[in-house]
Structures are given as structure tokens and as C-alpha cells.
Amino acid sequence: MIEMSSFFIAFFVIVGAFLSVVTALGLIRLPDVYTRTHAASKSATLGVMSVLIGIMIFFWTQGGFNSYFVLGIFFILITAPVGGHLLTRASYNSGVKLWEGSVQDDLAMDKQTQEQIATKNEET
């Protein structure tokens with residue numbers, strides 16, 4: 001039982017560390033704020049959650065389970081993607097340009113659709 005739990009602990013901690021390194025590389029290498037925010041919110045969330053799961057398993061095998069780890073995992077799962085989304089939306093609304101290699105701008109199309117609906121409502 002101890003050997004199997006040690007395997008799972010090591011697996012989750014190593015996966016979490018790897019995803020944290022991927023996050024750091026993404027923040028350094030990616031070209032614009034939108035792709036950097038994507039790297040920070042997705043892989044950092046999974047990395048931190050993996051490390052917390054490994055720590056939770058470690059303390060569970062030592063005889064002391066603490067619900068704070070579950071709350072921490074839940075808190076990271078909820079807040080990190082929402083924070084990344086809000087930062088990206090604020091960057092777009094403040095006029096930060098997309099990378100010139102970007103293929104599609106969904107928010108621009110969304111704004112045009114909202115303006116068309118607003119003009120139709122004003123006409124009626």
C-alpha cells in the first residue's frame with residue numbers, strides 16, 4: 001500500500017512540476033498577452049492542482065487527512081480560469097492588439113453583432 005501511494009504521490013508532483021515549467025515557458029515564449037494568459041490560466045491551474053493532489057495523498061497515507069487541500073484544489077479550479085478570462089477581456093477592451101499571426105478575432109465579430117442588434121432595437 002505504501003509503495004503504491006508513493007508512486008501516485010510522485011506521479012502527481014512530477015506532473016504538476018512539469019506543467020508549471022510549461023507555464024513558465026509559455027509566459028516567456030508566446031507572442032502576445034492573449035496567448036500568455038491562456039498558458040498561465042490553463043497549465044498553471046492543472047500544475048498547482050496536481051501538486052496539491054499529490055500532497056493530499058501524502059498526508060492521507062500518513063494518517064492525517066485535511067480538507068483544506070480539497071478546498072484549495074476547488075478554489076484554484078474556480079478562480080484561475082475566471083481570472084485569466086477577466087484579464088484577457090480587460091486587455092481586449094482596453095485596446096491591446098492581437099498578434100499579427102492571429103487567424104480569428106471572435107470578440108470583434110461579437111461586438112459587430114451586438115451593434116447590429118442595438119441599431120435594430122433603436123429603429124423599432
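- Listed by chain and number, the residues in a side-chain contact (heavy atoms from CB on, under 4.5 Å) with Phe75 are Thr79 (sequence neighbours excluded).
- For the atom pair Thr88 OG1 and Asn93 CG, the distance stands at 11.0 Å (nearest 0.5 Å).
- Under the 4.5 Å side-chain heavy-atom criterion for grouping Ile, Leu, Val, Met, Phe, Trp and Tyr, Leu77 is connected to Met56 within one hydrophobic cluster.
- By the side chain to side chain donor-acceptor pair (under 3.5 Å) test, Thr35 is found to be paired with Asp32, residues two or more places apart in sequence or in another chain being considered.
- Every residue two or more places apart in sequence or in another chain that forms a side-chain contact (heavy atoms from CB on, under 4.5 Å) with Thr45 is listed here: Met49, Ile76, Ala80, Pro81.
- Leu25 and Val22 are assigned to two separate hydrophobic clusters, defined by single-linkage of ILVMFWY side chains at heavy-atom distances under 4.5 Å.
- Tracing side-chain contacts under 4.5 Å through hydrophobic residues (I, L, V, M, F, W, Y), one never reaches Val48 starting from Val82; they form parts of separate clusters.
- Contact between Ile28 and Arg36 at its shortest, heavy atoms only, is O-NH2, 4.3 Å.
- Grouping Ile, Leu, Val, Met, Phe, Trp and Tyr residues whose side-chain heavy atoms lie under 4.5 Å apart, directly or via other members, places Ile78 in a hydrophobic cluster with Phe74.
- The side chain to side chain donor-acceptor pair (under 3.5 Å) check on Ser43 picks up Thr23, with sequence neighbours excluded.
- Residue Trp99 shares its hydrophobic cluster (ILVMFWY side chains chained together at separations under 4.5 Å) with no other residue.
- A search for side-chain contact (heavy atoms from CB on, under 4.5 Å) contacts involving Leu46 returns Leu19, not counting sequence neighbours.
- Of the candidates Leu52, Val51, Ile53, Ile53 is the only one forming a side chain to side chain contact (heavy atoms under 4.5 Å, CB included) with Phe12.
- If you chain together hydrophobic residues whose side chains sit under 4.5 Å apart, Trp60 and Val70 fall into the same group.
- Taking each heavy atom of Gly26 and Ala39 in turn, the nearest pair found is CA-CB, 4.1 Å.
- Cluster partners of Leu71, by chain and number: Tyr68. The rule joins Ile, Leu, Val, Met, Phe, Trp and Tyr whenever side-chain heavy atoms lie under 4.5 Å apart.
- For Phe59, the ring pair (Phe, Tyr, Trp, His ring centres under 6.0 Å) test picks out Phe69, with sequence neighbours left out.
- In this structure, NE2 on His38 lies 14.0 Å from NE2 on His85, to the nearest 0.5 angstrom.
- Within the model, atoms CD1 of Ile57 and OG of Ser6 stand 10.5 Å from one another, a figure rounded to the nearest 0.5 Å.
- With sequence neighbours left out, Phe11 forms a side-chain contact (heavy atoms from CB on, under 4.5 Å) with Val15.
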